[in-house]
Every structure is written in C-alpha cells, then in structure tokens.
Amino acid sequence: MESVGYSLSRIWMLFLLFWLGQGRQMAPPGFVQSSCRSRIFWMKLNKLLLQGKFFQLEINDPYAGPVLLDEKLASRCGYVLSEDVWGNPVFRASVLGCHVANEADELFSLTVNIKVSSFASMRAAVTYTYPMYCSYSSWAPREIVCEENYMEVSVKTDVPAVSNDYTVAWMSALPETQNVAYQLWQLMFVSPSGRKRIMVSDAAKLGYSFNNTLYRVYLRAPYHSNESDISTVNGVNMNLVTSTSMYRQRWLLMLIDTTVSCPLDGISFTDTTLTWTVPSVIPTLVLQESTFLSKNIVMGVDGQVIVNPEENNYLLEHNKTHIGITIPIGAEGGKLKSSVSCGVYGIIYSIDLFLEHTWTDADWQTTKYTIIKSITTPFMPQIPTVINNTLPEERIFNIAFGHFLPDVSLVSITIGNVPFTLREAQHHGYKIYETSFSNGTKGFILEVSFDDPCVLKEYVNRNETKYTLLVNYTLSVGPEMVLYYHSAEVECVIADIVIPEATGYCDEENLYLAIPVFGLHQYWNLYLGAKLLNRHTALTNGYLAASNSTHLVLQIPLFAVGVIYEEVSFQKIKARFDVALRKVRTMETLQIFSVSCNFNPSAFIICHPDGTIMISAQMKTVPAIDMSKTKLRDSSCKPKEYNKGHAFFMFHVTTCGTSVRFEGDHIVYENEISYERETLPGQSQPKITRDPDYRLTVSCYYRAKETVMLGAFVSEPSTSRPFGSGTMVPRSNIAVYRRIRKALNVVSRVSKNESFMDFYEPDEAILKQPMESVFLEVELKDESPDAELYLDNCWVTGSLDFNSAPRWNIAMDGCEIKSSEYVAEFLSVAASPRVRHPSHFKRLAVRTLTHQLEQVYVHCLVAICSPGSPCRGQCSPRKERKGHRSASLQGYVLAGPVQIVDPDLR
C-alpha cells in the first residue's frame, strides 16, 4: 500500500513540473550549471551571459506557484544566494528546504525561475525555468549542515528519542511535556536567559524552520538568534542553539534533541597561506565524549570533493582537538583578485571550501557534520616593482613594470609631464607591450629613447650625462576597474661628453687661446680666476673674442689684465694666460686652458696686484748714459739689471719713495727714474754738459673698488685680481714740469686699552674676545699744525685683501655705522706730551657683536685736510667736502690681524 502511495505522489509531482513549465523558456546553453552535492542543490549562472543585465530568482512551489527569493526567505528556507570567487552567481538549497518536492526522503526536486531583464525594475524580463533533481539515500541518523546564513540539523525519527544520559537540558524539558498540546509539535529552547517553549508556527516568525518528513525531523536556525548562545571550543567560537522538539499523542510522547552548533571563526592568515580550523569534538553535540570516534574527514573546494589534497598543495590535518585545512595563497581552486585600498595596489584571495566530518558516539551512532565556508583574505598590499633593463649602449630606456594579475590593464601613461593614451604613446614612438612572468603574473614593458624631449638630461661628474625618465602609470584594477596610479623614476648615467681641449699660440704682442665651443654655457663656462669670462669681461679687460661654428678664439694683449708673468727681466718676459673650464651648476673646475710664451719688449711697466712694480726703462739719450747710475726717488733703489740701453727696476709701492694719490675712482702710485748730472767730453772746446734733472715718471693705476691697495697685499698674488695699468712719461729739463710728489706719511696702531698709552708691537699678537673693543689710532706724521687727518671710509674684513669678502662697513663719509655685526665709535683726542697736534690723530673703537670670523682686519681710507680744503669736522656732510676732494691728500691704512678668541681660550 505504501508503494502505491509513493507512485501516485511521483506522478503528481511530474504533472506539476510539466504544468509549471508551460509558457516558460529553456535556459540558453552554458547559462546554467547544476549538481547535487552532499544533499545540497548547487546551481551556478554564467556571469558572461548576465553582463549588463539584472536578474532575480523565483522558487516554484509545486502547490502555491512562484515565490520570490529574498534574504529573509533564504535563511529560513535553507537557501543561499552568493557569488563564487570568479563572480558567477551561485544558488544553493538544502534538500530539506522550503518548496522542495520530497519523495520518501530519497528523491528531491526543486524548480527555479531565472528572470533576466535589461532594466533594474525587471520589466520586460525573460524567465528561464530550470528544474533540479537530487537523489540522496545515505542519511545518517543525525546530519548537521553549517551554511553561510543558516544552521540545519535533521534526525531520524525511528531512533530512540531519549538518551540514557539524562542531561540537565533533558531533565528540564520533561516537566514541560505535560503542557504539550495533543498532536502538535512544539519547540523548547534552552539558553543562558532561560527556557522558552513555543509553537512551531511562532518559531517561523522568529526565523526558524521546523518540519518533519516521512522519516526525519529537522530544525533550521539563523545565526545569532535570541535563543542562541556563543561558546568557545578549543579556541573556536561556536554559535549554539540548544533545542528539544516535542510531540504528544495519547499513547505517545516524543522528545527529539535538535541541538545544533556551528563555528563562527577559526580563520587565520599569513603572508603565504590561510588556515581554517574547526574543533574535532563539539561537546554540545557529543554528550558522551569517551565514546566519540572520528570515522571520516573529507574536504572540498567549490563543491567538489578533493580526494588527494596534497596534489593541490592543500594540507588537511587533524588531531584529538582540531581539524585544520591550510591553503597556499593563490592555490588552484581559489582566485586571486586585484584591488586598490587607499591608493595602494594589492591582492585578495578567495576560495570556497567545505568540510565533512563523520563520527560515531553512543547516543547518535553516526553524525555527519558538514560546513560550507567561503574564505577571503584581507587586502594584501603588493607594491609593484620597476625593473630597469636599460642597455646604455643602445641609448634606449627599457623598463618592466609589474607584477600584476590578469585583471589589471594599462590605461594611459605620462612621460615627464606629458600624458599619453596608449595609442598616442605608440604614435609618438614609444613602445609599450605586455609581458608574462613565470609565476602567472604579467608586466608592462616601456621603451623610450634617451634623446626623447621628455627625458631629463643632466651633466654630471666629469664627462657623463645622467638621463632620467619620469613615468606615471595609470592602470585599471580588478573587475571594478578602479584606477591606480604609480610613478617611477629610472636613471642611466653614461660617459658621452667629450671634454674640450684648447690650443694656444702667440705673436709678438698677444697670446691666443682657441677653445671648442661645444658645451659652452650648456655644460660649462669659462672663468678668469673667480670671474665669469663673458663678452663684457673680455671687452673690459681689452681682449678680442671671435667665434665660429667650432671654436672661440681669444686674443689677449701681453699687458692685459689676467696675464701672469712667470719670469720678468729687461731681456724677456715669460707670460702665461690661464682660463678655467668650470661646470655651470657646481663651479667645479674640469680643465685649465693655458698658453705660455716668451716676449722681448723693448720697454714695459708691469703693475702687479700685490703692489709690485716692474719696469724695463729704455733711456734714449745722446750720448748714451751709464744705466747703472739710474735710480728711483729713493737713491738707494738701483736697477736690478741693466745694459747699455736698458735698466730693469723692481720695487713695491710702499718703498723707494713711491707716492700715492686718488684720481677719480683710481689710486695712482708714482715714482721717477732719474739720472744724476754728468759732464761728457765733447769733440772740441768748450765741454758739453747734460741737464742734471732728466727724469722718467712711472705711474701705476689701480681701481679703488676692485684691486688690492697699499697696506693690504697678500703674500701670494692671486691671478683672479686684475693688474693695475702703468705709464711711463719722460720729463723734460724745464723746471715748470718738474714736480716732486710727496708720499703721504700716515701710520696706524692698535692700543691695548682706551687710554691710548700702551700699544701692540708689530709682531705682538692681538687677542680680543667677542664684544670686546679694538682701539685703533691713526696718526699723520706731518709737522704742519694746520693739517687735519680725516677718516673717510672704514670697513672690516677677514683678510689683508683690500677688496675681500665678506666686508662690513663701520664708517661711511666719516660717520660711524652701527650694524648687527660691528659697532664703531669715534673717540675724542686731547693734547698730551705724545699728542702735540690733536688734529693729526683720529681714534676709533670697534666692537664685534657676532663671532663670525676668527681674525679681522680694519681698513680705512684717509684724507688730509689743509686750510685750503677744510674737513668741516669728522662727520660733515659729503656734499660739503666734494669740492675740496681734489685738493686734499688721500691714502689708506690697515690694522690687524686681530684674533677673536673664546673667553676660556685667552
């Protein structure tokens, strides 16, 4: 009789399926895949056929018709709608779920309507009806399924309902059975908040699903319900629902343990693996743990059982407390996906796992425990690398940019600061193409010529160019096509610059340098000492410059500024001219271009920057004179060399009676070469007598603001200082033209204190602390009581050099200047036994405010005012003195060095 009933129900189910299929379309080939795995319906939709479309699922109830699938219905009815790791929609349903046609707990069928539309409102949708079938007969006495959104326990109803182990939960349930209504199922939940007994219809309102089939009773519960509890088993958090199903008739009282417990976590990650851990024994499901025996453990991926996990590098291991599955990141069966987080590129690995554990114990004989788990790793940053494969000899940048998953594509690229689409880049001449790496990732190759205008070029080292390629990549990442930006900088240095070599030669009056023009002003410049040698400098110094496409030719007169005299005598001059080749940016000297020649001028005057004057004088007299008897103003200054027609003098501007005067913005030093009276024999009587006062006046001109002057010469003249210019003027014997100029006799000294009674000796060190005053006294050595000494301009430097830098002015136009570095103050001078004429003295107190130099020198320009050119006081307005400047004698004094020391070092 039972077999007849089964046959009738099967016929009725087939009729309903046929009727529901009328007017429906069949799914296109390849759109739907389905299977039955471990009493679960599995259906997968091909995402490629859903691109740009919307879809819904309906469950076809054999009696009530289509029911729209939503989230609330899914967890209560045993459905799961999600995506696999490749983005394909996946639908899973328990064979004990709602609207499933059940034939004797062995054959199950479920029909799903797949509605597809081009509109979010689902209008004009096309419906595909898809039936699924599942055959499952190997039921265990108790089966538990832990799905993503529900927990399900089903038990056979022909097993003993009450355990011999009377637990607290069971004992507490017995009194409740007295209140169970006849022929109705009721549920009793036990939780930390107490016991709760509810009708099955009320349980459905709380999200539970309870029902019975021909041979089984099942309970389906959502996670984290009010009646659930969280417990920790061997370090894994479990969601536990303790329940008892009760059914009463007059002759029968049935109590069924429908307790279910599923893991909530147990996932851990490393940089290379993920591990899923679950407890081996769950105490709430195994009441008599001593009788527990694990029979079989099976793992699967994407619904497929993995028979030999080690072949896929999976690791399945278990012990008395845990079962663990370890999967390498990127292993087969899962999927790596590119992602961007906070502007950082990275990857995410996802895999769908399931675990099936079968055990026995004294209460339930056999329990089949199935967990389905979708695992996704956290975002794992993967900083892309730029590999420089550039070959300098080919002068082409070749850089590989990777490693990326296949879901990354290059959208655009910026070279330097110029953006290009890929098509524009190819048209511009850049080569961009993909390359594959051995680990399954890919990269992007970019080739750019060194000579491309977007490549930065910088002259470095001695003869090298640094080529720099700045790249900004724009990539589309992952299925979401998020834009990701990455910048890279690649450099290559090659020796591709030739340092020029100059050629030098001379004629009778000039030196010449021919210098290649390649790289001039781009990589390097020419310098004359510390001064840039440009057209203005050349013109100022009297050089001639001519250039063509290959060379710059400099013509330097023998006595021009910048010529170095290596050897000077009245017979020859060995002269040299140097030009430094320096880098434009760093001023590093790469090469010294030099030309050196010997010259034989008949007469010359050389005014060295250190104050040395060299004169080769030619006395053309008839009859000839004895050149050994020529002299300078100081008769002790005789010629160093001489012959019949020439005399060679070398002296310093501070010696031999040399006078000094100002002429415009020049300081002029003058001396005279003279010959004493001599009586010469004539051919007949009377005797011939020469004029005794024949003189040759020599003058050296120095620019006051650019050259070293008297009292401030360094021991080794620098070629960077321009030479003074000199003249030689012969004087006639007419008395009106004979003017013997008097040298200005001014001395300076440093007093040890403000009394100006005790002075430092010339060879005595002057030590001063910061903020301590230096007392300077300047004296005019003149017998005229009407003359007055005047300090015009005074300044402080760190060297003897009149024009050295840095320089701090302490007096301008006779007035003190108070700056943040130095303070000067004029002190009054009173008559005393030592000071006969106070107007011949000036005193100045100089105080340093900042310790910037280890030693300092004080320089002053002085003037002598006479009754015809009054000074009008030390700090008189400049305009009142301007008209008398030419009538005043002027000069220069120097004091120092003064050593500035710390107080504890003095």
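Sequence positions, counted from 1, serve as the residue numbers for this chain. Excluded from the calculations below are hydrogen atoms, water molecules and symmetry mates; all remaining heavy atoms, backbone and side chain alike, are included.
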Qualifying residue for side-chain contact (heavy atoms from CB on, under 4.5 Å) with Ile351, from Leu274, Asp84, Thr377
Leu274

Step-by-step ring-ring contact (aromatic ring centres under 6.0 Å, His included) determination, Phe41 to Phe108:
CA-CA 9 Å; Phe41 289 106; Phe108 306 90; 7.3 Å; no

Quick test of your reading of the model: are Arg92 and Asp352 salt-bridged, counting only N-O distances below 4.0 Å?
no

Can you say whether the rings of His403 and Phe437 are parallel (under 30°), tilted (30 to 60°) or perpendicular (over 60°)?
tilted

Under 3.5 Å: donor-acceptor pair, side chain of His318, backbone of Ser280:
no

Main chain of Ser117, side chain of Arg123: is a donor-acceptor contact present, judged purely on distance under 3.5 Å?
no

Going by side-chain contact (heavy atoms from CB on, under 4.5 Å), Met132 matches just one of Thr111, Val112, Val100, Val32. Which one?
Val112

Would you say the side chain of Trp276 lies within less than 4.5 Å of the side chain of Ile371, judging by non-hydrogen atoms?
yes

Could you tell me whether the side chain of Lys44 reaches within less than 4.5 Å of the side chain of Asp302, counting heavy atoms only?
yes

Are the side chain of Lys47 and the backbone N or O of Trp86 linked by a donor-acceptor pair below 3.5 Å?
yes

Counting only heavy atoms not in Glu317, do more than 12 fall under 6.0 Å of its CD?
yes

In terms of heavy-atom contacts, does CE of Met122 have more than 12 from other residues, nucleotides or ligands at under 6.0 Å?
yes

Report the C-alpha separation of Met254 and Trp185 in whole Å, then their side-chain angles, then the decisive distance to 0.1 Å, and conclude whether the side-chain contact (heavy atoms from CB on, under 4.5 Å) test is met.
CA-CA 9 Å; Met254 183 179 292; Trp185 283 98; 3.7 Å; yes

Near Asn296 CG, under 6.0 Å, is it more than 12 heavy atoms from other residues, nucleotides or ligands?
yes

With no hydrogens and no angle check, is any side-chain donor or acceptor of Arg220 less than 3.5 Å from a backbone partner on Leu96?
yes

Looking only at side chains, do Ser338 and Tyr345 share a donor and an acceptor under 3.5 Å apart?
yes

Please round to the nearest 0.5 Å and tell me the distance separating atom CG of Leu57 and atom CG of Leu69.
6.0 Å

Could I get the full list of side-chain hydrogen bond (donor to acceptor under 3.5 Å, both in side chains) partners for Lys196, not counting sequence neighbours?
Glu227

Note: Ser75 and Tyr150 closest approach over all heavy atoms is O-CB, 3.5 Å

Give a yes or no answer on whether the side chain of Tyr79 reaches the backbone of Cys98 with a donor-acceptor pair at less than 3.5 Å.
yes

With distance as the sole test, does Asn308 use its side chain to make a donor-acceptor pair with the main-chain N or O of Glu310 at under 3.5 Å?
no

Any side-chain donor paired with an acceptor under 3.5 Å for Thr242 and Thr259?
no

Shortest non-hydrogen separation from Ile40 to Ser94 and the atoms involved
CD1-CA, 4.2 Å

Any side-chain heavy atom of Gln33 sitting closer than 4.5 Å to one from Trp42?
no

Among Val145, Val217, Thr258, side-chain contact (heavy atoms from CB on, under 4.5 Å) partner for Val153
Thr258

Got Phe189 and Val241 here, is their nearest side-chain heavy-atom distance under 4.5 Å?
yes

If you take all heavy atoms of Ser135 and Cys36, which pair is closest and at what distance?
N-SG, 4.3 Å

How about Thr127 and Asn113: does a side-chain donor come under 3.5 Å of a side-chain acceptor?
no

Min side-chain heavy-atom separation Lys337-Pro479 under 4.5 Å:
yes

Any donor-acceptor N/O pair, Asp265 side chain to Asn237 backbone, under 3.5 Å
yes

Please check if atom CD in Glu71 has more than 12 non-hydrogen atoms from other residues, nucleotides or ligands closer than 6.0 Å.
no

Between Ile198 and Leu206, which heavy-atom pair has the shortest distance, and what is it?
CD1-CD1, 4.0 Å

Go through Trp364 and Asp257 one step at a time and tell me if the side-chain contact (heavy atoms from CB on, under 4.5 Å) criterion holds.
CA-CA 10 Å; Trp364 288 99; Asp257 184 2; 3.8 Å; yes

Tyr369 vs Trp359 aromatic rings, parallel, tilted or perpendicular, using cut-offs 30° and 60°?
tilted

From CA spacing to verdict: side chain to side chain donor-acceptor pair (under 3.5 Å), Thr421, Arg423
CA-CA 5 Å; Thr421 64; Arg423 177 172 294 183; over 6 Å; no

What's the separation between atom OH in Tyr130 and atom CZ in Phe91, rounded to the nearest 0.5 Å?
12.5 Å

Between Tyr223 and Met151, is any pair of side-chain heavy atoms under 4.5 Å apart?
yes

Salt bridge Arg216-Asp105, side-chain N to carboxylate O under 4.0 Å:
no

Can you say whether the rings of Phe292 and His357 are parallel (under 30°), tilted (30 to 60°) or perpendicular (over 60°)?
perpendicular

If you compare all heavy atoms of Thr360 against all heavy atoms of Thr366, which two are closest, and at what distance to 0.1 Å?
CG2-OG1, 3.7 Å

Interatomic spacing from OG in Ser294 to CG in Asp361 - rounded to 0.5 Å
12.0 Å

I'd like to know whether Asn234 forms a side-chain contact (heavy atoms from CB on, under 4.5 Å) with Val236, so could you lay out the CA-CA distance, the side-chain angles of the two residues, the decisive distance to 0.1 Å, and finally the verdict.
CA-CA 6 Å; Asn234 295 330; Val236 178; 5.6 Å; no

Expected output: side-chain Asn312 to main-chain Tyr314 donor-acceptor under 3.5 Å:
no

Contact check, side chains of Leu255 and Met246, non-hydrogen atoms, under 4.5 Å
yes

Got a second to check how far Gln186's CD is from Arg197's CZ, nearest 0.5 Å?
5.0 Å

Please step through side-chain contact (heavy atoms from CB on, under 4.5 Å) for the pair Ile267 and Thr275, ending with a clear verdict.
CA-CA 6 Å; Ile267 309 297; Thr275 300; over 6 Å; no

Please report the interatomic distance CZ(Arg39) to OG(Ser154), rounded to the nearest 0.5 Å.
4.5 Å

Separation between CG of Leu264 and CE of Met238, rounded to the nearest 0.5 Å
7.5 Å

So does Gly87 get a backbone contact from the side chain of Lys335, meaning a donor-acceptor N/O pair under 3.5 Å?
no

Identify the two heavy atoms, one from Ala101 and one from Pro62, that lie closest to each other, and give their separation to 0.1 Å.
CB-CG, 4.4 Å

Any side-chain heavy atom of Lys373 within less than 4.5 Å of one from Leu355?
no

May I ask you to decide if Cys77's main-chain N or O and Ser209's side chain share a donor-acceptor pair within less than 3.5 Å?
no

Residue of the set Glu143, Arg142, Lys295 for which side chain to side chain donor-acceptor pair (under 3.5 Å) holds with Thr367
Arg142

Check the pair Tyr349, Phe269 against ring-ring contact (aromatic ring centres under 6.0 Å, His included), reporting the backbone distance first and the verdict last.
CA-CA 11 Å; Tyr349 178 71; Phe269 304 95; 9.7 Å; no

